Amino acid sequence: MTHATLSPQRSSLRGATLPKWFAWAVAAGSVVAGLGISAAAGLHSDIQWALIAALLFVFGSYGISAKVEGRRQARDRTATSLVWVAFILAVIPLASLVWETLKRGVKVLDGYFLTHSMGVVADTEPGGGIYHAILGTLQQVGLATLISVPVGVLTAIYLVEYGRGRLAKAVTFFVDVMTGIPSIVAGLFILSLWILILDMGYSGFAGAMALSILMIPVVVRSTEEMLKLVPNELREASLALGVPKWRTILKVVLPTSIGGITTGIMLAIARITGETAPVLLLVWGTNFINSNPFSDPQASLPMYIYLQYANSGGYGAAYDRAWAAALTLIAFIMILNLVARGIARWKAPKTGR
Amino acid sequence: MAKRIDVSGLNAYYGSFLAIEDISMTVEPRSVTAFIGPSGCGKSTFLRTLNRMHEVTPGGRVEGKVLLDDENLYGSGIDPVAVRREVGMVFQRPNPFPTMSVYDNVAAGLRLNGKYKKSELDDIVEKSLKGANLWNEVKDRLNKPGSGLSGGQQQRLCIARAIAVEPNVLLMDEPCSALDPISTLAIEDLIGELKERFTIVIVTHNMQQAARVSDRTAFFNLAAVGQPGKLIEIDDTERIFSNPSVQATEDYISGRFG
Ligand SMILES: Nc1ncnc2c1ncn2[C@@H]1O[C@H](COP(=O)(O)OP(=O)(O)OP(=O)(O)O)[C@@H](O)[C@H]1O
Ligand SMILES: [Mg+2]
């Protein structure tokens, strides 16, 4: 019986490699070629030349690399370029959205705009501002957070630290269902319960309740994940010292995971800040400053954007105000995200001397 | 103050799986008892039944009696939290609290259990760190994170944390398995000192270590995988290593020494 002999290997571990700038050169070449082809063919859309360039890039780098470096490296390059193409495809809409909002939003965004309401300004007139909407959003989101964070975090603690058996399964199931509730349904639920059955009026608080229906499952889920990341050894170390379970959770488990939990809460806040549907149903909207979230309609940023845009007909003072408010909303959410990252980094378990 | 442990007819389960069966033994106060035996024979499980940590595992269940001096740890009305204050534990992998400094780690057991004055805490922390042979290495970085220490230092930090609450018994589950020979030696020396004050039970896979540090040695074995682990014999360490009364013990030990 003979063994198949291995084909002779090249003695060196070094193969032919393309230089580092190869990928960049191919990318630049593809963009130029893409532009050229689409100009020659009389194509006008940006998407068309970008697609041509992307295809040229993927196939071009495979072809050249297969010739020079061999097939394995070529496949490696293809995978890398696909990842890059996907990344760019994902970033383009985001970047253009931010860019567009910035471009149109800065027109009327200034100190006056941030500190005045629409009280005596007609929709068609210039002037006015979003103070009332910022106030309303802050209060509604603040109230929703005050309701959701304790409920959500305690539920997650129950599920991770105590939950066994049927009840825990049921809670998990309901949290899953709640995650999928469309915001308009949450709004309708509170509408029928609070406004139609209990006969309360429109108010920021009613909106906050609907928002917390949307926020609680997000908080539960993210907190649960963070608590599960805390190693069991830490819990056991604490229990073995004779520390009661509740103090172990309070003093060891929560501090270890507080960074991640805070990030999750911030992201949940960011998610509900942009909700329009429940606010539309429950808070209504007003052009005046209403600093009491517990009675009478309030304004809010998403509502303001919607109303201004709807009344503008696509141009004019109201249209500019809608974009400026959108910019404010995006900035607010970005700041929240940055704060979340800051807290996560600051609170992360420390290593090193 | 060290206390005697008296175990009789102890079974421990994980769900419906019987992990250790019918274990009876006595551990004398102010002595070191080593547990040896093949992997999976239930040494850790048995150790954890001695401070009621076994029931922390989901499905963990214990039958039988563990007397600490004259009190049955599994008697009715016994508070597991109080038991764990009397019977401390050091784990195989060093597990300092990552959010706490060296000082806070040592003070954790005390602080989490009640109020102490700052000066009192300072004294206890210093005493415990000295007791764990760590004071000189960390005295000028007490406020740095405990997870910034080396593995061996972390393990001694965990020992300091365990002895800071002044337990009567100290259980150690392979405390040196992740450590270098020098840290191991430091901890073995430490065990020699600690036995003046505590009753010590140590699980180890290192025969030389068992022979070096322990007064008595218990050999555990299991008939086959999936069968419960059993105590084969417990005797003075010298006898176990020179002239054990059961053939299986001799096979295990000599197999180890080659
Ligand atoms: N959490 C658990 N759930 C279910 N079974 C477990 C669990 N922990 C241990 N067991 C089982 O119990 C038996 C005894 O395990 P134990 O950890 O006590 O062994 P050990 O003697 O400490 O082994 P080693 O020397 O490897 O640490 C093994 O069969 C193991 O599979
Ligand atoms: Mg073990």
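Because the structure is predicted, anything quoted here is derived from the model rather than measured. Naming: A, B, ... by sequence-line order, numbering from 1 per chain.
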(message) Per the salt bridge (charged side-chain N to carboxylate O under 4.0 Å, His left out) rule, what does the pair list look like for residues 230-243 of chain A, sequence neighbours excluded?
(response)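 Found A:Glu161-A:Arg235, A:Glu233-B:Arg93, A:Glu236-B:Arg48.
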(message) Let me confirm one number: the CD-CG distance from B:Glu55 to A:Leu239, rounded to the nearest 0.5 Å.
(response)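 Spacing of CD (B:Glu55) from CG (A:Leu239) equals 10.0 Å.
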(message) Rounded at 0.5 Å granularity, tell me how far CZ in B:Phe91 sits from CG in A:Leu234.
(response)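 CG of A:Leu234 is found 10.0 Å from CZ of B:Phe91.
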(message) I'd like to know which of A:Ala237, A:Ser238, A:Pro244 tops the heavy-atom pair count under 4.5 Å against chain B.
(response)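 Among A:Ala237, A:Ser238, A:Pro244, the one with the most close pairs to chain B is A:Ala237.
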In this structure, are over 12 heavy atoms from other groups packed under 6.0 Å from [X] atom [atom1]?
X	atom1	answer
A:Phe173	CZ	no
B:Asp70	CG	no
B:Ile182	CD1	no
A:Phe174	CZ	no
B:Glu63	CD	yes

(message) For B:Glu120, give me all partners under salt bridge (Lys or Arg N to Asp or Glu O under 4.0 Å), at least two apart in sequence or on another chain.
(response)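 By the salt bridge (Lys or Arg N to Asp or Glu O under 4.0 Å) rule, B:Glu120 matches no residue at all.
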(request) Report the residues that fulfil salt bridge (Lys or Arg N to Asp or Glu O under 4.0 Å) with A:Asp76, sequence neighbours left out, ordered by chain and then residue number. (result)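 A:Asp76 satisfies salt bridge (Lys or Arg N to Asp or Glu O under 4.0 Å) with no other residue.
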(request) Heavy atoms only: give me the nearest B:Ala162-A:Leu241 pair and the separation to one decimal. (result)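 Looking at all heavy atoms of both residues, the closest pair is CA-CD2, 4.0 Å.
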(message) Is B:Pro96 close to chain A through its backbone or its side chain, or both, or neither, when contacts mean heavy atoms under 4.5 Å?
(response)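 The answer is the backbone of B:Pro96.
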(request) Considering only heavy atoms, give the residues of residues 81-89 of chain B separated from chain A by less than 4.5 Å, sorted numerically, with 'none' for an empty result. (result)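 At a heavy-atom separation under 4.5 Å, chain A is reached by B:Val81, B:Arg84, B:Arg85, B:Val87, B:Gly88, B:Met89.
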